[in-house]
Amino acid sequence: MPRLFLAVWPPEDTVSELMALRRKDQRGVRFVAPERWHVTLRFFGELAEPVAEDLDSELEAATSHFKPFEVKLKGAGSFGGVEPHALWIGAAENASLTQLAAACEKAARRVKLKPEPHKFTPHVTLAYLNGATLDRVQRFEQEMALFEAPPFRVESFGLYSSVTRKSAPSLYRLEAEYPLLG
């Protein structure tokens, strides 16, 4: 059974901005393929089909009043603390994006899904780390602290399935799209 998540995909010009951040020196760094870069609104994991269908209905109802808005990718960070495992580019503080994520969380709660255990930190995962030193990661964060891409317009978001594969990246497939028509 595939895992499900909600996400916003940046447009190609924003992806091009991010591609410029990739480094030649990749010891311990595995860059995510650019076509997989997205901002996750909520990860659900594996859901039974009836629950996924109920979730779809709740998401439509919970987000139908949202209008399109702009998002700006800005700054950098890592997950994992003293043992970092991922590098990311953040999204500038954005009330509309935060409210959309909160509405998605409420929809999930209405279909009896467990609450998201992590605070919403909008970001694009740029790379995964395996043995990268903390000082190298901190250097990346310092170098990218002033990174800022032009804003992009969010007119919809999607429910995606992710199928894991051995020795290959997961496959993502759009299952449902939710336009922001407000």
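Just so you know, residue 1 is the first one in the sequence shown, and it goes up from there.
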query = Got more than 12 heavy atoms from elsewhere within 6.0 Å of CG, Asp135?
reply = yes

query = Considering only heavy atoms from C-beta outward, does the side chain of Asp13 approach that of Pro150 to under 4.5 Å?
reply = no

remark   = When rounded to the nearest 0.5 Å, the distance separating CG of Leu47 from CG of Leu113 is 5.5 Å

task = Would you kindly check if the NZ (Lys) or CZ (Arg) of Arg153 is within the cone defined by 45 degrees around the ring axis of Phe69 and under 6.0 Å from the six-membered ring centre?
result = no

task = Can you measure from OG1 (Thr14) to CD1 (Ile89) and round to the nearest 0.5 angstrom?
result = 12.0 Å

key: Side-chain heavy-atom pair Val8, Val71 within 4.5 angstrom cut-off   = no

message = Would a single hydrophobic cluster contain both Leu97 and Trp9, if residues Ile, Leu, Val, Met, Phe, Trp and Tyr are joined by side-chain heavy-atom contacts under 4.5 Å?
response = no

inquiry  = Is there a side-chain contact between Leu126 and Phe140 in this structure, where contact means two heavy atoms from C-beta onward sitting under 4.5 Å apart?
reply    = yes

remark   = d(Leu100 CG, Thr63 OG1) to nearest 0.5 Å is 6.5 Å

inquiry  = Restricting to non-hydrogen atoms, name the atom on Leu41 and the atom on Cys104 that form the minimum distance, rounded to 0.1 Å.
reply    = CD1-SG, 4.5 Å

request  = Please determine if Lys72 and Glu70 form a salt bridge, counting it only when a charged side-chain N lies under 4.0 Å from a carboxylate O.
outcome  = no

request  = Heavy atoms only: give me the nearest Ala132-Gly28 pair and the separation to one decimal.
outcome  = CB-O, 3.9 Å

ask   = Quick one: are Val124 and Leu73 in side-chain contact, heavy atoms under 4.5 Å?
value = yes

query = Any Lys/Arg nitrogen of Glu58 or Arg110 sitting under 4.0 Å from an Asp/Glu carboxylate oxygen of the other?
reply = yes

query = Any idea which heavy atoms bring Arg42 and Pro115 closest together, and the distance?
reply = NH2-C, 4.0 Å

query = Which heavy atom in Leu4 sits nearest to a heavy atom in Ala52, and how many Å separate them?
reply = CD1-CB, 3.9 Å

Under 3.5 Å: donor-acceptor pair, side chain of Glu141, backbone of Ser78 = yes

message = When you group the ILVMFWY residues by side-chain heavy-atom contacts below 4.5 Å and let the links chain together, are Phe152 and Phe147 in the same group?
response = yes

task = Supply the atom-to-atom distance Glu49 CD to Asp56 CG, rounded to the nearest 0.5 angstrom.
result = 11.0 Å

query = In terms of hydrophobic clusters joined by side-chain contacts under 4.5 Å, are Leu180 and Phe120 together?
reply = yes

request  = Please check if atom CD in Glu83 has more than 12 non-hydrogen atoms from other residues, nucleotides or ligands closer than 6.0 Å.
outcome  = no

ask   = Any side-chain heavy-atom pair from Leu6 and Thr40 closer than 4.5 angstrom?
value = no

query = Do Val29 and Arg136 come close enough that some side-chain heavy atom pair is under 4.5 Å?
reply = yes

task = For Ala86 and Tyr128, work out which heavy atoms get closest and say how close.
result = CB-CD2, 4.1 Å

query = Going only through I, L, V, M, F, W and Y residues with side-chain contacts under 4.5 Å, is there a path from Tyr160 to Val51?
reply = no

query = Given the rule in the ring pair (Phe, Tyr, Trp, His ring centres under 6.0 Å) test, do Tyr172 and His38 qualify, once you have shown the distances and angles that lead to the verdict?
reply = CA-CA 11 Å; Tyr172 294 161; His38 62 274; 5.6 Å; yes

note = Output for pair (Lys74 NZ, Leu146 CG), nearest 0.5 Å, gives 9.0 Å

request  = State the CZ-CD distance between Arg139 and Gln142, to the nearest 0.5 angstrom.
outcome  = 8.5 Å

note = Tightest non-hydrogen contact, residues Ser156 and Pro179, listed as CB-CA, 3.8 Å

ask   = With side chains defined as the heavy atoms from C-beta onward, is the minimum distance between Phe157 and Glu177 less than 4.5 Å?
value = no

ask   = Are Phe79 and Trp37 joined in one hydrophobic group, where the rule is that I, L, V, M, F, W and Y side chains link up if heavy atoms are under 4.5 Å apart?
value = no

task = Please report the C-alpha distance between Arg173 and Glu175 in whole Å, then the side-chain angles of each, then the deciding distance to 0.1 Å, and finally whether the salt bridge (charged side-chain N to carboxylate O under 4.0 Å, His left out) criterion is met.
result = CA-CA 6 Å; Arg173 186 174 76 200; Glu175 300 292 342; 2.8 Å; yes

